[in-house]
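Just so it is clear, the structure is predicted and the values come from calculations on it, not from any experiment. Keep in mind that the numbers below use all heavy atoms, side chains included, and drop hydrogens, waters and symmetry copies. In what follows, chains carry the letters A, B, and so on, assigned in the order in which the sequence lines appear, proteins first and then strands, with residues in each chain numbered from 1.
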Amino acid sequence: MKFILEVRNHDDDTRHFAFTDFPVRIGRAFNNDIILKDPYVSPHHLRLECDGETCTVTDAGSENGFLLNGETKSGTVQVKSGDALRLGETEIALYAPDHPVADTLPLHKDYPIFSWVAQPLNVLACFLLSIVITLGWAWLEIWSDQEGLALTAATAATAGIIILWAALWSVGGRLTRHKAHFRSHIALICLYMIAGTVAWYIEAYADFLTNGNWLSQCVTYGLNFILLGFLLYGSLTLASKMRHRKRVFVATALSLGVTVSVFIFTTVSTRSFNQQPVYSATLEPYLSGLAPTQTVNAFMADNERLFSDKKFAHAIATPVRQKAPLIPFARARHK
Amino acid sequence: MLTLKVFMRRFFHILSFSCFIASLCLPRAALADETERLYQTYGNAVYQVEVIDMTSQKKNVLGSGFQITPGGLIATNYHVIAEALQHPSRDRVIYVSNKGAMGALTIVDVDVVHDLALVQMQKPGREWLKLGSSALPKGTDLYSIGNPHDLGFTIVPGTFNGLSHDSFIDNIHFSGALNPGMSGGPAIGHDGAVAGINVATAGNGIGFLVPVEPLKALLAHYRTLPPHYDFVAHADAHLQTQLLASQNHNIGELLANKHWGSVPFGPVRVPGHIDTALKCWGGMDSKERDPFNAYFSICSTQDRLFLDEGFDTGAVLYRYDYFTPKKRLNLVRFYNFYQGQFGTPEADYQNAKQGDVTDFSCNGHFIWHAGYRWKADFCIRQYKKYPQIFDMHLYMAMVGAGKKGFIVTLMAQGVSKENAIAFARRFIHEIKPNPPHAEQKPPHATDSHAGSRP
């Protein structure tokens, strides 16, 4: 009968000992078979004996006793493969040579969704679409003489960012999971850019509907949080060894961190005094056509309510008792 | 403003000195005798008024003033003593006579609208000037006394040229060389009666005087105040009352005008020259290489009401910008550019600093008006010391009119809630379809075109 003892000290260092000769003496003294440097372990603490198919553990007169699978025991108890003993700060697990072990974790795995996206045609489509979107934005803004040059520069910059992003993740994936998934990363960042554009229009429309109040702020921050969360989750899936739960947690935490940072930065920077009015200036013709319209009277009624904003309540005038009105020294105007 | 900031003194010295020599050489010989007589007779009632920073004990503002009562009341400009009134713990006011005698001054009343102030001497001087009238024939000789650029007391001959009618407040147009530092000094006739108070210069011998009548009214108001009244402690409330009355007068005058001179501009008819207190001009705002044409028309008041260093109010401005794209700008690109224009307001609000006003609060919505959809934003900010006073900003961009952009800007500084609303409402209603019968309305929008006067 062969038995393997897995000894784990309080620093989580694990050592394995295989024994065929019994009894096995465990303790702090140097004449033991297993010597434990643990101040809570007695010089002669335990004795392991095997007789045929049954094995027993006997307390060899220890000071602190021992636990078997978390329960305090004394005297001689029977043990089987897979049991865990605890003496002092040390844990000892007992295994028979044929004790089953956990399945191997895959270092890399093919996920159906990513393998579909990673097909060359799909990657190309995503890539071209995001380039077209960037070109579109640039084309809206630029009307100089060097239009062609500027648009080329914008295209090159976008392509560069996409490839750099994918390359960095691929290197990470190659190192940790032995697989780069370069095409999937390209597809992922491109999909993120496309979804971001769609989100921008949703935000603009929410802004029209809600007059830029806290609700449209929620939509803006919420959408960006979700999109970034998905991007990070996908990238982590491809490039890290994390388990599902940890990936969800890390992606959520990172995305939340970025969103909250942007929110705080925006809030702090708008809290300083601004001489010019800040208002919603989005006009997007196709969206604004769908936005609700007011009558002038309804608009003016809202404007009147603006004066009761609590921000304007900070100072109340002290009334002045005046015997005679000072102004106007209304001289008739000469026309 | 003729106020001379001390830190600019060295800079101005040489230039102002040469001006000073020139103005002495110009007058005819006979006039020189009369000028000398007037200065000898009345010059002793004129003082230099200085605002002193209490920390550094340095002159912060220099101006002039003149005694108007035997009791030692000195009249000067509000803008000369404004810093001492607004920051009483930081600045104090003193006078210096032409003999070099000095003494402290107490601010006892101000008229911020006409830029006048009354300050009290501790020990009255022996001479004072009597207040005359500004109802003079054009061409009357007037003599302005003051202390330009801290160079010493000066008398400047000039001519009364009637009242200027290009602002809400009429000032005397004085043809004479007023210079910084002469603010608050008197302009007297041959009989020594004050006709006006030096207040501003437009350079090239064009000066402006506050007529003496508001000073008489201010004196009368001062006499209604209780004895030993601490005016400085109650200044904010007094100034707010004056600002409220002033904007009631100004905006009231605009609203009282029945016809706002509706003119066609771009796709609509808009208010034209609505009052003589505003000056209008316009033109093209785009260059040949721009892919769009931009035309603008703007009307604005010319003067501002000074409240404090870096803080003035009272401006009224409206502006129209009309954009059409040239060939290579299609609708989508045009709208992107148009949106950029709408994002940068054409009116600037540099008139107040952080301590003076709150941030703007805005209300924005799409409205249906004059046959078009507009994105309209209405913004206000409050004056911290005068909580009933606001700066108002209305900004409207026409949308959905194809390759046409039209932006309306309306700015009114220092107005009450009621006037801000009434002025904005009237202004929007004065924007009319062009031609008049082309107005279309969606069935759900019911607009009343009833004249909305306060």
Output field: ring centroids A:Tyr279/B:Phe342 closer than 6.0 Å: yes
Chain A contact via B:Ala352 - side chain, backbone, both or neither, heavy atoms under 4.5 Å: backbone
Heavy-atom contact with chain A under 4.5 Å, split by part of B:Tyr395: side chain
Minimum side-chain heavy-atom gap B:Thr409-B:Leu394 below 4.5 Å: no
Ring centre gap for B:Tyr349 and B:His393 strictly below 6.0 Å: yes
Which portion of B:Ala376 sits near chain A, non-hydrogen atoms under 4.5 angstrom: both
B:His365 versus chain A, the contacting section by heavy-atom distance below 4.5 Å: both
Test side chain to side chain contact (heavy atoms under 4.5 Å, CB included) applied to A:Ile264 - qualifying residues, sequence neighbours left out: A:Val260, A:Val268
Under 4.5 Å from a heavy atom of chain A, the part of B:Phe334 involved: neither
Set of residues satisfying side-chain hydrogen bond (donor to acceptor under 3.5 Å, both in side chains) with respect to B:Glu430, sequence neighbours excluded: B:Arg426
Option among B:Thr358, B:Asp391, B:Asp356 that satisfies the side-chain hydrogen bond (donor to acceptor under 3.5 Å, both in side chains) test with B:Arg381: B:Asp391
Side chain, backbone, both or neither of B:Asn330 within contact of chain A (heavy atoms, under 4.5 Å): side chain
Under 4.5 Å from any heavy atom of chain A - which part of B:Lys216: neither
